[in-house]
2 protein chains.
Amino acid sequence: MKNYSRQREAILTVLRSTDTHPTASKVYHKVREIIPNISLGTVYRNLAQLKESGEIISVNVGDGFEHFDGNAKPHIHMHCKKCSAIIDVMLNEDVISDAAQKNGFVPENMVLVINGLCKTCNQNDVN
Amino acid sequence: MKNYSRQREAILTVLRSTDTHPTASKVYHKVREIIPNISLGTVYRNLAQLKESGEIISVNVGDGFEHFDGNAKPHIHMHCKKCSAIIDVMLNEDVISDAAQKNGFVPENMVLVINGLCKTCNQNDVN
DNA sequence: CTCTAAATCAGTAATGATTACTATTTTATT
DNA sequence: AATAAAATAGTAATCATTACTGATTTAGAG
């Protein structure tokens, strides 16, 4: 059902070799250095597929772009509204405010999105 | 610099009278019940302005839509990937896993976005 | 090694949420 | 009432993302 593809491998390699949370477009341009004629549609399709399979995750910081992350382990993303940096903070370190202080980050507004299944949907069936 | 407008007031009223985290389009249709000829552009402009002034916040759960929230206090949003419900959980209740358990929520993937200023940007200047 | 079907691709067109634009109306102040 | 800034309705433009198509690649069987 899922065949190997050089394109998908290259995309995964790019995502795993950076901590900058690139957009689809950024990934596209980076992968073009490896596969010069890869198409944007292929990048989008594979990003969706890698996300579906849990190999990568995505973050939406409200700038209108989906940002991709090769680190699929649950962690905190701190988003600077000025330079747009997205900073990783592993979850076992500390609670929210501590984590913020340790990074010299001044939190203004925080949103936690937990994706999963709510009580009702989880009881109704398996998928 | 900021004048009163009936349209903005109606938008705020709509947002404060629901906990469903509507999209701009949903807000538009709801406000049309109060002001039948309000335009979509006006809704978008005022949502941006209300967000800027901190009267409302927005959540992006990765479904391609920006969701608006009349409750500007920091809180957790749990997003069901099946029914798309966005459930509010106040922050002082408990830590993440506890909050999830209490709501019968099965977390699969969690992303915390903290908007603010990073160390570098905060040291460089005031705004 | 062929053969075949399913999966994937490159390239391009279409979609649709959001933003920009413009002429008109409303607000707040004198 | 007069005036300037702010806001509006309506429409057009933008652009990230998705859908589509005919060609290519993959994987497994013979």
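Proteins get letters first, then strands, A, B, ... in listed order; numbering begins at 1 in each.
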Is a side-chain donor-acceptor pair under 3.5 Å present for B:Thr20 with B:Thr18?
yes
Between A:Glu66 and A:Ser58, does any side-chain donor sit less than 3.5 Å from a side-chain acceptor?
yes
Is there side-chain contact between A:His77 and A:Asp69, with at least one heavy-atom pair below 4.5 Å?
yes
Nucleic acid contacts of residues 20-44 of chain B, taken as heavy-atom distances under 4.0 Å to DNA chain D:
B:Asn37, B:Ile38, B:Ser39, B:Thr42
What integer distance in Å separates B:Asn60:CG from D:dT17:P?
11 Å
So, A:His29 side chain and A:Val27 main chain: donor-acceptor pair closer than 3.5 Å or not?
no
Of the candidates D:dT26, D:dA7, C:dT8, the side chain of A:Arg8 sits closest to C:dT8
Any heavy-atom pair between the side chains of B:Lys51 and B:Ile57 that's under 4.5 Å?
no
Using only side-chain N and O atoms of A:Gln7, determine if any of them is under 4.0 Å from OP1 or OP2 of C:dA10.
yes
For a quick test of reading the model: is some side-chain N or O of B:Gln49 closer than 4.0 Å to OP1 or OP2 of D:dA6?
no
Nucleotide C:dT19, atom P - distance to CG of B:Asn46 in whole Å
13 Å
B:Lys2 has an atom NZ; how far is it from atom P of D:dA7, in whole Å?
8 Å
Please report, rounded to the nearest Å, how far the C1' atom of D:dT8 is from the CZ atom of B:Arg6.
11 Å
When you measure from the side chain of B:His67 to the backbone N and O of B:His21, does any donor-acceptor pair fall under 3.5 Å?
yes
Rounded off to whole Å, could you give me the CD1-to-P distance for the A:Ile11 and C:dT8 pair?
12 Å
Could you give the side-chain donor-acceptor pairs of residues 8-17 of chain A under 3.5 Å, partners two or more places apart or in another chain?
from    : atom 1 : to      : atom 2 : distance (Å)
A:Arg8  : NH1    : A:Asn46 : OD1    : 3.0
A:Arg8  : NH2    : A:Asn3  : O      : 2.2
A:Thr13 : OG1    : A:Glu9  : O      : 2.9
A:Ser17 : OG     : A:Thr13 : O      : 3.1
A:Ser17 : OG     : A:Val14 : O      : 3.0

Round to a whole Å and report the spacing from CD of A:Glu9 to P of D:dT26.
12 Å
What is the distance from CG of B:Asn3 to C1' of C:dT26, rounded to the nearest Å?
8 Å
From CD of B:Glu52 over to P of D:dA7, roughly how many Å is that when rounded to an integer?
13 Å
